Amino acid sequence: KNQVEQSPQSLIILEGKNCTLQCNYTVSPFSNLRWYKQDTGRGPVSLTIMTFSENTKSNGRYTATLDADTKQSSLHITASQLSDSASYICVLWMDSSYKLIFGSGTRLLVRP
Amino acid sequence: DAGVIQSPRHEVTEMGQEVTLRCKPISGHDYLFWYRQTMMRGLELLIYFNNNVPIDDSGMPEDRFSAKMPNASFSTLKIQPSEPRDSAVYFCASSLSAGRTGSPLHFGNGTRLTVT
């Protein structure tokens, strides 16, 4: 079973609309949870980093939330733009193994 | 800041040939990571270095894979001999820490390897 599961696998929205991507994890404890954006043909780029004690972190139109009780994180994108079309990856830093655990990502397509 | 630089961007080779991927990390970063990305398995950590020393190579698939970091500004990932199942995008990333303190990993744009 994957330790970090993301949903939906893919999503299509119209430009200007909001959307929320989900990340459910089973691993603990962890030091921080990250969201990365990966454009096609490029490497992942860090959007937000939250410690386990933080509930929310924003970066422009991107807002990440973390609920440690339900072991869920979400990434909310406001007023989507065509340039938001990318894969979004949820990542946890595991203290026990000293490694990052990656989700499989959500592919977002923003249409005009 | 030029970011993490990887070369080549694309590599097509025949099965059995040696392949060498190169990476220049961001200056001042003390951690360097090699990842492999495929549609089926997503991002997988192959090996990481701290201050040029390999710390964890448990993700290296088999003896055909080797990585070196001769100095703080250069690393290589070598596959010899290459096989079709090695086809993937290989990413190099660098960071000021391994991840515990929350420092982001900075990824290069990857090398797309195709082994025929």
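Just so we're on the same page: letters track the sequence lines, and every chain starts at 1. The structure presented is a predicted model; accordingly, all values stated were derived computationally and were not measured.
Heavy-atom pairs under 4.5 Å with chain B peak, among A:Pro44, A:Ser46, A:Gly105, at A:Pro44.
When atom types are taken as modelled, the side chain of A:Asn18 and the backbone of A:Ala79 share a donor-acceptor pair closer than 3.5 angstrom.
Contacts of B:Leu43 with chain A are made by both backbone and side-chain atoms, with heavy-atom separations under 4.5 Å. Neither the backbone nor the side chain of A:Leu33 comes within contact range of chain B, judged by heavy atoms closer than 4.5 Å.
The aromatic rings of A:Tyr62 and A:Tyr88 sit tilted relative to each other, their planes meeting at an angle between 30° and 60°.
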Please output the side-chain donor-acceptor pairs of residues 107-116 of chain B that fall under 3.5 Å, not counting sequence neighbours, one pair per line with the distance.
residue	atom	partner	partner atom	Å
B:Asn109	OD1	A:Arg42	NE	3.0
B:Asn109	OD1	A:Gly43	N	3.3
B:Thr111	OG1	B:Pro8	O	2.5
B:Thr116	OG1	B:Thr13	O	3.3

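A:Gln38 and B:Gln37 are linked by a side-chain donor-acceptor pair at a separation below 3.5 angstrom, with hydrogens and angles left out of the test.
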